[in-house]
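The structure appears below as structure tokens.
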Amino acid sequence: NNKTNNDSEEGSFHSQFYTNISEWMEQLHLPIPQVTQDIVPVCYGGVFATTMTQILKRPLQTWEAMERSMMGGDNIIEGHFSERIWGAMLSKPLSKDTASLVWEMNAKLIDTIEWKQYRGMLLMWDGIYPD
């Protein structure tokens, strides 16, 4: 097994093959997600729902490349990269009106080391925001 297992301290993830998600996407020839007003749909935790229509919009080679990249074991960086792009790959692109509504919600952008696995997530709830 030549893939890096990522059960290391502080939840850090490293790969001997990819420096970041962009490099992984480039090597697998994955499409760059459509960005609307700096918002990209993301699925954290690997939980998502989609339609067959959305799946079939991607060529079979895309799914095969992703599958091959994740065959190295459990909790590998490629799995985490995949989780981050499911939303963009499998949802309909946000309209400008929808993106504007998201920004109008005045949600807080997560950008703290304590929540680093969710960095970039927009968060809104009645409790206390993480600092």
Side-chain angles (χ1 to χ4, degrees):
N1 182 357
N2 60 357
K3 299 279 184 172
T4 304
N5 187 317
N6 296 297
D7 288 331
S8 61
E9 75 272 352
E10 300 180 22
S12 63
F13 296 100
H14 304 282
S15 170
Q16 63 190 30
F17 302 105
Y18 315 106
T19 306
N20 55 46
I21 192 170
S22 294
E23 188 176 309
W24 174 74
M25 291 176 68
E26 183 178 305
Q27 287 189 23
L28 270 60
H29 305 288
L30 299 176
I32 302 300
Q34 180 177 342
V35 178
T36 306
Q37 296 183 28
D38 293 331
I39 298 175
V40 176
V42 175
C43 297
Y44 292 101
V47 178
F48 61 91
T50 191
T51 64
M52 184 60 74
T53 302
Q54 291 302 105
I55 293 170
L56 294 175
K57 285 185 177 182
R58 305 288 177 196
L60 180 59
Q61 295 83 357
T62 296
W63 303 115
E64 290 172 340
M66 289 181 72
E67 179 183 25
R68 280 191 304 276
S69 81
M70 292 187 283
M71 290 181 137
D74 290 333
N75 200 26
I76 56 175
I77 192 67
E78 295 81 0
H80 294 277
F81 289 162
S82 295
E83 286 179 356
R84 299 308 187 266
I85 67 167
W86 290 139
M89 284 184 67
L90 297 171
S91 64
K92 295 178 182 175
L94 292 175
S95 69
K96 288 181 182 180
D97 289 341
T98 300
S100 294
L101 288 172
V102 169
W103 286 119
E104 288 171 15
M105 290 175 16
N106 204 21
K108 179 166 174 92
L109 181 66
I110 303 273
D111 193 22
T112 65
I113 194 68
E114 294 83 16
W115 288 56
K116 68 182 174 183
Q117 69 271 27
Y118 299 107
R119 185 166 284 157
M121 177 185 212
L122 292 175
L123 183 63
M124 189 174 135
W125 82 78
D126 292 337
I128 299 171
Y129 288 112
D131 293 324

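Throughout, numbering of the chain's residues begins at 1 and tracks the sequence. Quick caveat, the model's predicted, so the values are computed rather than measured.
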How far does [atom1] of [X] sit from [atom2] of [Y], to the nearest 0.5 angstrom?
{"X": "Met89", "Y": "Arg58", "atom1": "CE", "atom2": "CZ", "value": "5.0 Å"}
{"X": "Thr53", "Y": "Leu90", "atom1": "OG1", "atom2": "CG", "value": "11.5 Å"}
{"X": "Met71", "Y": "Ile76", "atom1": "CE", "atom2": "CD1", "value": "10.5 Å"}
{"X": "Ser82", "Y": "Ile21", "atom1": "OG", "atom2": "CD1", "value": "8.0 Å"}
{"X": "Gln61", "Y": "Met66", "atom1": "CD", "atom2": "CE", "value": "14.0 Å"}
{"X": "Phe81", "Y": "Tyr18", "atom1": "CZ", "atom2": "OH", "value": "8.5 Å"}

[X] and [Y]: which non-hydrogen atoms are nearest, and at how many Å?
{"X": "Ala65", "Y": "Leu28", "answer": "O-CD2, 3.5 Å"}
{"X": "Val40", "Y": "Pro33", "answer": "CG1-CB, 3.9 Å"}
{"X": "Thr98", "Y": "Leu94", "answer": "CG2-CD2, 3.7 Å"}
{"X": "Ala99", "Y": "Ile39", "answer": "O-CD1, 3.7 Å"}
{"X": "Phe17", "Y": "Gln27", "answer": "O-NE2, 3.7 Å"}

Practice prompt. Using atom types as modelled and distance alone, determine if a side-chain donor or acceptor of Glu78 lies under 3.5 Å from a backbone N or O of Met70.
Written response: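 Answer holds: no.
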Practice prompt. Say whether, by atom type as modelled, one donor and one acceptor occur between the side chain of Trp24 and the main chain of Thr19 under 3.5 angstrom.
Written response: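 Judged by distance alone, no pair lies under 3.5 Å.
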Worksheet entry | Heavy-atom neighbours of Glu26 CD exceed 12 at 6.0 Å |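 Not buried by this count: 12 neighbours or fewer within 6.0 Å.
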Worksheet item: Honestly curious: do Leu30 and Ile55 fall in one hydrophobic cluster under the side-chain, below-4.5 Å linking rule?
Response: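 Leu30 and Ile55: one cluster.
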Fill in: Linked hydrophobic residues, Leu60 as query - side chain contacts closer than 4.5 Å
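Its cluster partners, ordered by chain and number, are none at all.
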